[in-house]
Amino acid sequence: MLGPYPSPGMPATFSMRRRAFDPLWTRLPMTPTFALLPLCLAGTAALASPVLDDAVRQRAEELTRTGLHASIVIAVIEGKDSAVYGFGSSQAGKSAKPGADTVYQIGSVTKTMTALLLANAVVEGKVKLDEPVAALLPGYTVPAFDGKTISLLDLATHYSSLPRLPDNFAPKDPANPYADYTEAKQRQFLAAYHLPRAPGTAFDYSNIGYAVLGTALAAQAGTSYEALLQKRIAVPLGMRSTSNQPTHGMLARLAPGHLLSGEPTPAWDLNVVAPAGGVYSSARDMVAYLQAYMFKPLRPYALAVKPQRPVASGDDTKIGLSWLLEQRQGRAYAWHSGQTGGYSSYAAFTTDGKRGVVVLTNTARDVDALGLSTLLPGTPLPPLKKPQAAIEVPRAALAEYVGEYPLDKDFTLTVSLGKQGLEAAGTGMGSAPLFASAKDQFFFRAIDAELAFTRDAAGKIASAVLKQSGQDTVLPRKP
């Protein structure tokens with residue numbers, strides 16, 4: 001995912017280097033939807049529970065009613081009070097009300113938990129932020145640049161100079177792309193990779209960087225990432241439905257994932273990349289998690305949201321340990337979003353501890369705008385786009401678009417002709433069908449993006465232009 005670090009509302013993109021996980025294309029049957037009454041998690045009475053903004057409620061109802069999302073839960077936190085609002089159905093074909101205990105995969109919001117594990121280790125004196133990660137991974141060969149090593153702080157702030165995804169990422173199953181990415185492959189990647197710049201010099205969102213951070217913290221603790229997560233976060237905060245390895249009870253409450261196009265898809269097995277996005281949780285647990293940051297936080301929580309570095313020059317956004325720190329409407333807040341193949345999430349809280357929000361959905365369509373508008377009532381929601389209509393193009397005419405369209409050495413968009421028509425796949429991602437809207441104009445249903453082709457003076461295809469999130473990225477065709 002993306003251009004500058006994803007601003008709220010930014011969806012996943014092919015170039016996606018800085019946001020969570022790229023969704024691997026979409027497919028999903030629509031279910032009957034309905035809004036739910038709030039479930040009060042704290043406070044003395046339902047009347048005292050935080051109220052969901054009308055504009056957000058209406059948008060969530062519309063999103064689930066029209067099938068753009070299978071289900072959505074929104075937790076609103078006001079100090080020590082909280083309420084969860086559910087929309088849609090958490091089980092296909094059933095009137096299953098999503099609520100506080102419905103389980104979702106939270107994607108890259110997991111990174112905030114990995115960063116909190118780092119903060120905890122720092123506060124306990126077990127590691128230092130400026131410590132080289134190589135010191136925690138003696139069996140690894142970790143790349144450096146002109147003698148400059150990657151520190152734990154570099155990994156936690158996306159300043160490591162590691163890429164978004166490893167260059168040896170080649171999933172056997174695009175529907176579960178990380179399942180076969182093992183620690184051995186991670187070790188192999190680090191040993192062979194050459195950093196393009198010195199660590200600590202530039203922000204570049206990296207999933208593999210957080211995978212390495214989680215591996216290092218677990219190694220230092222002499223345990224697994226899951227055991228560390230339970231010991232340091234889940235158990236102390238009473239988060240009984242939070243795990244990288246969901247229990248049978250959690251799986252029984254899991255809302256099945258859906259791709260953007262509407263088709264069901266299994267939850268991803270993140271394997272060694274779990275510290276970057278593999279955790280499952282519920283709204284009830286996530287409320288407890290955010291409140292730990294909001295209530296006069298103990299040192300690890302305070303350290304995690306302390307501004308460490310800028311995200312981009314000329315941008316007021318800062319990054320703490322994973323958390324993005326911004327200001328709007330005169331209010332400072334911390335936020336992070338996440339997305340895997342069938343799920344999206346958003347978590348945020350004002351740094352004065354007065355208001356927080358969690359949004360979870362079992363569809364790979366971002367919910368950042370819902371989250372920000374809930375956190376800061378009055379923030380306008382973007383208009384919903386109407387579904388595009390496709391036109392028929394003869395198969396023979398589609399063949400001229402087939403080819404490779406590189407952005408740089410790390411990313412190439414490959415356009416091919418499949419059984420159902422034209423398809424496109426980014427490096428390390430599954431293939432998504434393309435639908436024609438006009439001559440040389442195509443759109444995706446799996447992601448919110450369009451692809452336009454340009455021609456040279458001779459009329460031959462010269463480049464592809466990926467249109468997404470208000471940005472046009474030109475990809476020249478490989479000769």
Side-chain angles (χ1 to χ4, degrees), residues 108 110-170 178-233 244-245 269-279 300 303-304 308-309 319 321-322 428:
S108 280
T110 298
K111 290 182 175 69
T112 68
M113 297 181 180
T114 301
L116 183 57
L117 293 175
L118 169 61
N120 186 80
V122 170
V123 168
E124 291 189 350
K126 296 177 179 177
V127 302
K128 296 180 179 179
L129 284 179
D130 61 358
E131 186 171 349
V133 67
L136 277 60
L137 295 170
Y140 278 67
T141 299
V142 180
F145 187 93
D146 290 343
K148 174 67 173 174
T149 59
I150 299 172
S151 71
L152 297 176
L153 179 62
D154 293 333
L155 292 171
T157 57
H158 299 289
Y159 268 70
S160 67
S161 295
L162 293 174
R164 181 182 62 84
L165 291 174
D167 55 16
N168 63 345
F169 179 65
Y178 294 88
D180 60 346
Y181 197 79
T182 61
E183 186 175 350
K185 289 184 178 180
Q186 178 177 262
R187 189 188 303 252
Q188 179 188 54
F189 157 72
L190 289 174
Y193 189 72
H194 297 282
L195 298 179
R197 69 183 75 84
T201 58
F203 176 93
D204 202 359
Y205 194 90
S206 176
N207 286 313
I208 189 61
Y210 257 82
V212 173
L213 178 59
T215 300
L217 293 172
Q220 188 281 325
T223 187
S224 66
Y225 176 79
E226 170 66 13
L228 197 58
L229 176 72
Q230 294 301 318
K231 181 178 180 180
R232 296 298 184 188
I233 299 177
N244 168 54
Q245 299 169 2
D269 298 311
L270 275 294
N271 207 330
V272 72
V273 189
V279 167
L303 177 59
Q308 298 287 346
R309 286 168 166 168
I319 186 168
L321 302 184
S322 181

Going from [atom1] on [X] to [atom2] on [Y], what distance comes out if it is rounded to the nearest 0.5 angstrom?
X      : Y      : atom1 : atom2 : result
Lys231 : Ser224 : NZ    : OG    : 11.5 Å
Thr157 : Asp204 : OG1   : CG    : 11.5 Å
Leu155 : Leu118 : CG    : CG    : 9.0 Å
Leu303 : Leu321 : CG    : CG    : 5.0 Å
Ser160 : Tyr205 : OG    : OH    : 12.0 Å
Asp146 : Arg197 : CG    : CZ    : 13.5 Å

**Asked** Between Thr215 and Tyr140, does any side-chain donor sit less than 3.5 Å from a side-chain acceptor?
**Response**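 Checked: Thr215/Tyr140 side chains show no N/O donor-acceptor pair below 3.5 Å.
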
**Request:** Go through Leu165 and Tyr178 one step at a time and tell me if the side chain to side chain contact (heavy atoms under 4.5 Å, CB included) criterion holds.
**Result:** CA-CA 11 Å; Leu165 291 174; Tyr178 294 88; 3.2 Å; yes

**Message:** By the salt bridge (charged side-chain N to carboxylate O under 4.0 Å, His left out) test, which pairs, at least two apart or in different chains, include something from residues 121-131?
**Reply:** Glu124-Lys126, Glu124-Arg232

Nearest heavy-atom pair of [X] and [Y]: which atoms, and what distance?
X      : Y      : answer
Arg309 : Tyr159 : NH1-CB, 3.1 Å
Leu162 : Pro143 : CD2-CG, 4.2 Å
Val142 : Val133 : CG1-CG1, 3.9 Å
Pro300 : Ala119 : O-CB, 3.3 Å

I'd like to check [X] versus [Y] (side-chain heavy atoms, cut-off strictly below 4.5 Å). Are they in contact?
X      : Y      : value
Ile208 : Tyr181 : yes
Ser161 : Ile150 : no
Leu213 : Leu217 : yes
Asp180 : Lys185 : yes

I'd like to know if the side chain of [X] and the backbone of [Y] have a donor-acceptor N/O pair within less than 3.5 Å.
X      : Y      : result
Gln220 : Leu136 : no
Thr114 : Gly214 : no
Ser206 : Pro163 : yes
Thr110 : Val279 : yes
Asp154 : Ser151 : yes
Thr223 : Leu228 : no
Asn207 : Val273 : no

**Complete:** For Tyr193, the ring-ring contact (aromatic ring centres under 6.0 Å, His included) test, sequence neighbours excluded, returns Phe189

**Asked** In chain order, what residues pass the ring-ring contact (aromatic ring centres under 6.0 Å, His included) check against Tyr225, with sequence neighbours excluded?
**Response** none

**Prompt:** Taking only residues two or more places apart in sequence, or in another chain, which ones meet Asn271 in a side chain to side chain contact (heavy atoms under 4.5 Å, CB included)?
**Reply:**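 Asn271: side chain to side chain contact (heavy atoms under 4.5 Å, CB included) contacts with Thr182.
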
**Item:** side chain to side chain contact (heavy atoms under 4.5 Å, CB included) partners of Lys148, counting only residues at least two apart
**Value:**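 Once residues adjacent in sequence are excluded, the partners of Lys148 under the side chain to side chain contact (heavy atoms under 4.5 Å, CB included) criterion are Ala198, Pro199.
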
**Under the side-chain hydrogen bond (donor to acceptor under 3.5 Å, both in side chains) test, residues paired with Thr149 that sit two or more places apart** = none

**Request:** List the steps, then state whether side chain to side chain donor-acceptor pair (under 3.5 Å) holds for Ser108 with Tyr210.
**Result:** CA-CA 10 Å; Ser108 280; Tyr210 257 82; over 6 Å; no

